[in-house]
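Shown next, in structure tokens, is the structure this report addresses.
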Amino acid sequence: MTEKAGTEGWVPAGIDTTRPTSAGIYNYVIGGKDHFPVDREAAEAMLAGSPNTAVGMRATRAFLRRAVRWLADPDGGAIGQFLDIGSGFPTAGNVHEIAQSIDPDARVVYVDYDPTVVACARALTAGNDRVRVIGGDLRRIEDILAHPDVRDFLDWRRPIALVLNAVLHFVTDEQNPQRLIATVRDRMAPGSFLALSHGSMDGLDKTLSPEQIQTAEEQYRRAADPLVLRTHDAIQRFFDGFTLVEPGLVHVPRWRPDGTDDGALPPEMSGVYGGVARLPAHPTGS
Ligand SMILES: C[S@@+](CC[C@H](N)C(=O)[O-])C[C@H]1O[C@@H](n2cnc3c(N)ncnc32)[C@H](O)[C@@H]1O
């Protein structure tokens with residue numbers, strides 16, 4: 001299944017294979033098989049310009065695995081329902097595989113706005129009646145929440161984990177990412193969680209030249225999804241109304257490391273912050 005997405009032999013109707021996508025670039029860099037030639041070209045240019053990109057993307061995916069394991073763990077978040085928006089191509093350590101290895105009844109809804117991703121994820125999870133895959137745009141969060149596979153398949157009276165791994169940096173300030181998160185937060189039961197990771201320049205400017213940073217940003221500008229890197233403070237604000245669990249919002253290799261990260265570079269070179277936070281009670285006045 002997976003090889004086919006990278007060949008012109010299998011392309012869902014209406015897909016533009018002349019523009020790189022964030023899903024394809026990321027999948028190529030983390031060693032997946034779902035990418036088109038334009039994605040590979042953009043990824044290679046990015047890797048040549050900023051050698052830390054590969055380490056950062058792999059560390060981001062590793063953060064997702066650790067975060068989901070902790071969330072599903074009865075001694076951690078004890079969560080049995082996941083809403084993963086910007087879920088990306090299925091690859092090693094998918095959310096449902098990790099969650100269901102701990103709690104076989106765990107329910108997972110994957111949402112992505114890239115139709116190729118949706119088709120691949122549906123093919124991979126066909127037959128798993130505790131997984132749903134839908135097409136949806138984070139920037140139209142109300143439509144996602146109104147979809148029957150989100151509204152009814154998940155039990156909103158019980159805690160849910162909202163997973164936004166490496167996706168919010170494709171949402172501009174004008175598109176009001178704060179409001180998008182608050183919209184989900186206000187529907188969540190107390191005890192729900194937000195897990196997110198987000199690209200940042202903090203610390204990178206000391207080791208990368210402005211040209212290297214510009215190269216990475218340019219590749220994403222060419223892509224369907226422009227990249228918006230944010231500071232620690234700006235990313236921390238996405239957790240308003242939630243309480244961050246230890247160790248807080250940190251560079252992803254520092255979030256509850258389990259020794260499987262390659263550790264090739266200092267954590268700040270990942271260029272990505274990650275955190276997991278709990279909703280104590282419904283915040284007021286939002
Ligand atoms: C860098 S990948 C991350 C994939 C996955 N979350 C992971 O961590 O492995 C970003 C994904 O977000 C998706 N995406 C970007 N903007 C989106 C939006 N506005 N709504 C839904 N999905 C989006 C892309 O199609 C891509 O699959």
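Remember, it's 1-based here, ligands and their atoms both numbered in the order they're listed.
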Looking at [X], which atoms of ligand 1 are within less than 4.0 Å of one of its heavy atoms?
X	answer
D114	25 (O)
A23	25 (O), 26 (C), 27 (O)
D137	18 (C), 19 (N), 20 (N)
G88	4 (C), 27 (O)
R61	7 (C), 9 (O)
L138	18 (C), 19 (N), 20 (N), 21 (C)

Can you confirm, on distance only, whether ligand 1 has an N/O atom lying under 3.5 Å from any N/O atom belonging to [X]?
X	value
T60	no
L64	no
G86	yes
D84	no

Does some non-hydrogen atom of [X] fall short of 4.0 Å from ligand 1?
X	answer
D112	yes
T21	no
G136	yes

Pairing residues for F238 by the side chain to side chain contact (heavy atoms under 4.5 Å, CB included) criterion, not counting sequence neighbours:
L168, P177, Q178, I181, L196, H198, R230, I235
State, with a plain yes or no, whether a side-chain heavy atom of W156 is found less than 4.5 Å away from one of M188.
yes
Would you say the side chain of L138 lies within less than 4.5 Å of the side chain of L164, judging by non-hydrogen atoms?
yes
Between D202 and Y273, is any side-chain donor less than 3.5 angstrom from a side-chain acceptor?
yes
Side-chain ([X]) to main-chain ([Y]) donor-acceptor, under 3.5 angstrom:
X	Y	result
R66	R256	yes
R185	L194	no
D112	V118	no

Which residues pass the salt bridge (Lys or Arg N to Asp or Glu O under 4.0 Å) test with E97, sequence neighbours left out?
none
Within reach of ligand 1, part of S87 (heavy-atom separation under 4.0 Å)
backbone
With a heavy-atom distance limit of 4.0 Å, tell me whether N165 approaches ligand 1 through its side chain, its backbone, both, or neither.
both
In terms of side-chain geometry, is the basic nitrogen of R69 or D258 positioned less than 4.0 Å from the acidic oxygen of its partner?
yes
Looking at R187 and E142, is there a salt bridge between them, counting it only when a charged N and a carboxylate O are closer than 4.0 Å?
no
